[in-house]
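Fair warning: this is a prediction, and the values are worked out from it, not measured in the lab.
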Protein chains: 2
Amino acid sequence: MMKKGSVTIKDIALELGISVSTVSRALADNPLVKPATRQAVKELAKKYNYRPNFTALSLRNNRTRTIGIIIPQLVHEFFSMVIRGIEDFAYSNGYNVIISSTHESYEREVIDTKALINGRVDGLLACVSKSTTNYDHFKEFAERNLPLVFFDCICDEIDSPKVVLDDFEAGYQATQHLVETGCTQIAYVGGPINLQINQDRFGGYKKALNEAGLALNESWIKHCETGDYDDGSESVRDMVAARSIDGLFAGTDMLAIGAIKTMKKAGLQIPKDVAVVGFSNWSIGTIYEPSLTTMSQPGYEMGQKAAELLIQQIDNPDKKLTDTFTLHSELIQRESTQR
Amino acid sequence: MMKKGSVTIKDIALELGISVSTVSRALADNPLVKPATRQAVKELAKKYNYRPNFTALSLRNNRTRTIGIIIPQLVHEFFSMVIRGIEDFAYSNGYNVIISSTHESYEREVIDTKALINGRVDGLLACVSKSTTNYDHFKEFAERNLPLVFFDCICDEIDSPKVVLDDFEAGYQATQHLVETGCTQIAYVGGPINLQINQDRFGGYKKALNEAGLALNESWIKHCETGDYDDGSESVRDMVAARSIDGLFAGTDMLAIGAIKTMKKAGLQIPKDVAVVGFSNWSIGTIYEPSLTTMSQPGYEMGQKAAELLIQQIDNPDKKLTDTFTLHSELIQRESTQR
DNA sequence: CCACTAATTACAAACGTTTGCAATGAAGGT
DNA sequence: ACCTTCATTGCAAACGTTTGTAATTAGTGG
């Protein structure tokens, strides 16, 4: 026994002197097989710790019961919540999940997507990376009639369901909160403007300023390359030197904290001199001093919804979905805007 | 054409009026097939964007060229570096990677491990979760002669290669640094003591105290349930109230920061009144004020080494490896111990 | 023009499953 | 004693590949 590694249905059939089909049926509780036989098979299967070979099953059924996730980063509280949402929905519907982290690299995204295109997964959930501008790899996926759902950073050129946050609304709310706090000179510091999500957050900012009758000052607007801490520190240097702003909407909590650090170093007090709103509700925002007002990002819900749409498509290939689902952000008030 | 989704070798054979074996050989550049045929096949393959079916290949070759990772958390700077190390080594050796995050749950770990046991992966890299005390699922894996390598949180009961950090040495170094800084009343706050890594860090702490001739005070020693921020805040409350300590070694940067926050609130100054050393070198340690002295955790190297050992075993199944590889930590000095 | 080799190609088995259909056997009714 | 019926089982195909071996074709030399 145990020729290679695992026991197969064939081994059991051989030992019992019956055919593989009977073994297969017995294990499936098929009433066609005589109770005595069934029991004998099951006992032997348990004894040898038989587990059906995943690959053989996949080939036979032409489905892997696995969904793929293409995501730019893992160490990211938002993405991690998305993954959790996806996993929870997938597991409870009998699906497994394989995650590919592209590390925001276009090349990696292409490689990873193509690695999943050949029958490895039944469908794909994708969040495109910052550096992606060509979507052929996703198109190839879609052309093979493989279900595909985008979330967060989507690709407009492809006709598949999408789950997004209303970043415009969120940007608007964040800025409006600063207005209500009494700010009149409100700066914007955001992530790469080639991403739709950042265009939207910025758009919401502009609308709020406009509605409040506040002027848009170009020197108070920075679109950063990465959206991380160092970018944040850099971005506000000029504004701080000029002592010109009294409010800041940052497209990322890390940007916000980077900016706050620069301002604190320059002797500005937060929120007294400058009120700050971040984005994403990272846990560091509760730990940092001052704690950070921010916009929530319902990652778990986004993941769940995306998984739901994908699995719907997998189970129902003929019915094409193309809806876009929009989730909403909420303001979380903390010290950084508490005047 | 395109009956189901993807083009198969059979479709190409049919269209060209030749046999599947010829097509297969043509695609593999086998010199047996006539150049003209080979070219025709390749052209058609490119035209239809043919990609060999992953599942069929796996079944045929009895290998998936995929390695599995079982890891307690994703949103964790250390684990994420480990994953990167694994991925980089795996990719450059032609392997793919499947990540399963157990969220520190024993049940999830069992499910995930069993999901990988049936020929889905060629081998497994595992870091056992905090809540795991029974290792049968890993044993079953090993009994099937499937290559298995543990990293960081290992399982001693199983005879497979392991890659670990010298947590004892690191705990010793951290504590000794506090001694050198001039601390004489040094507290320890660490994660769950059922984990070997925490026992080791604690062991290093005790050794350093011992060598310095400092007494071990039970009321200065806390083993926390989770090792997160809130645990940190809680853990030092009594010590702070008693104004009894002048140094703290925390088994986690989050514990350290939680503790610092409590101390700051109580009016203590860091590092003047209490010097603090954390563990893991999380990025928040550079952002927080004061910035945090900590012990590095070479996650990338750990991942690389673990992947290397695993792939060695996969490619060389007869040669059993059982070595334990030990990596070393380094002290990173920042403000929290700068007197 | 036949035989012998060399160059191509096709056939079939195998990987581990499931499942439609055929086959076997026994039992029951007449 | 024979036909029917039912319960149980086995055979074979299929999923998409690769590969050893057999078969076909072409080419060469006599």
Check if the side chain of [X] and the base of [N] share a donor-acceptor pair of N or O atoms closer than 3.5 Å.
X: A/Ser21; N: D/dC11; answer: yes
X: B/Ser19; N: C/dC11; answer: no
X: A/Arg120; N: D/dG16; answer: no
X: A/Arg25; N: D/dG10; answer: yes

Worksheet item: Which part of the nucleic acid does B/Thr37 contact within heavy-atom distance under 4.0 Å: base, sugar-phosphate only, or nothing?
Response: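 B/Thr37: backbone/sugar contact only, no base atoms under 4.0 Å.
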
Fill in: Intermediate values then yes/no, ring-ring contact (aromatic ring centres under 6.0 Å, His included), A/Phe138 and A/Phe150
CA-CA 10 Å; A/Phe138 289 129; A/Phe150 288 100; 5.2 Å; yes

What's the [atom1]-[atom2] distance between [X] and [N], to the nearest Å?
X: A/Ile9; N: D/dA12; atom1: CD1; atom2: C1'; value: 15 Å
X: A/Asn53; N: C/dT18; atom1: CG; atom2: P; value: 10 Å
X: A/Leu16; N: D/dT9; atom1: CG; atom2: P; value: 11 Å

Worksheet item: Would you say C/dA14 has OP1 or OP2 under 4.0 Å from some side-chain N or O of A/Lys10?
Response: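 False: A/Lys10 side-chain N/O out of range (4.0 Å or more) of C/dA14 OP1/OP2.
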
Worksheet item: About how many Å separate CG of B/Asp318 and CG of B/Asn316, when rounded to the nearest 0.5 Å?
Response: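 Spacing of CG (B/Asn316) from CG (B/Asp318) equals 5.5 Å.
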
Worksheet item: Quick one: do B/Arg63 and B/Asp315 make a salt bridge, cutoff under 4.0 Å?
Response: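 The answer is yes: the pair qualifies as a salt bridge.
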
Worksheet item: Closer to the 5' end of DNA chain D via nearest nucleotide, is it B/Ser24 or A/Ala56?
Response: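 Nearest-nucleotide comparison on DNA chain D picks A/Ala56.
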
Discussion item. Which is more 5' along DNA chain C, the nucleotide nearest B/Asn61 or the one nearest B/Leu32? Just name the residue.
Written reply: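 Comparing both residues, the 5'-ward one is B/Leu32.
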
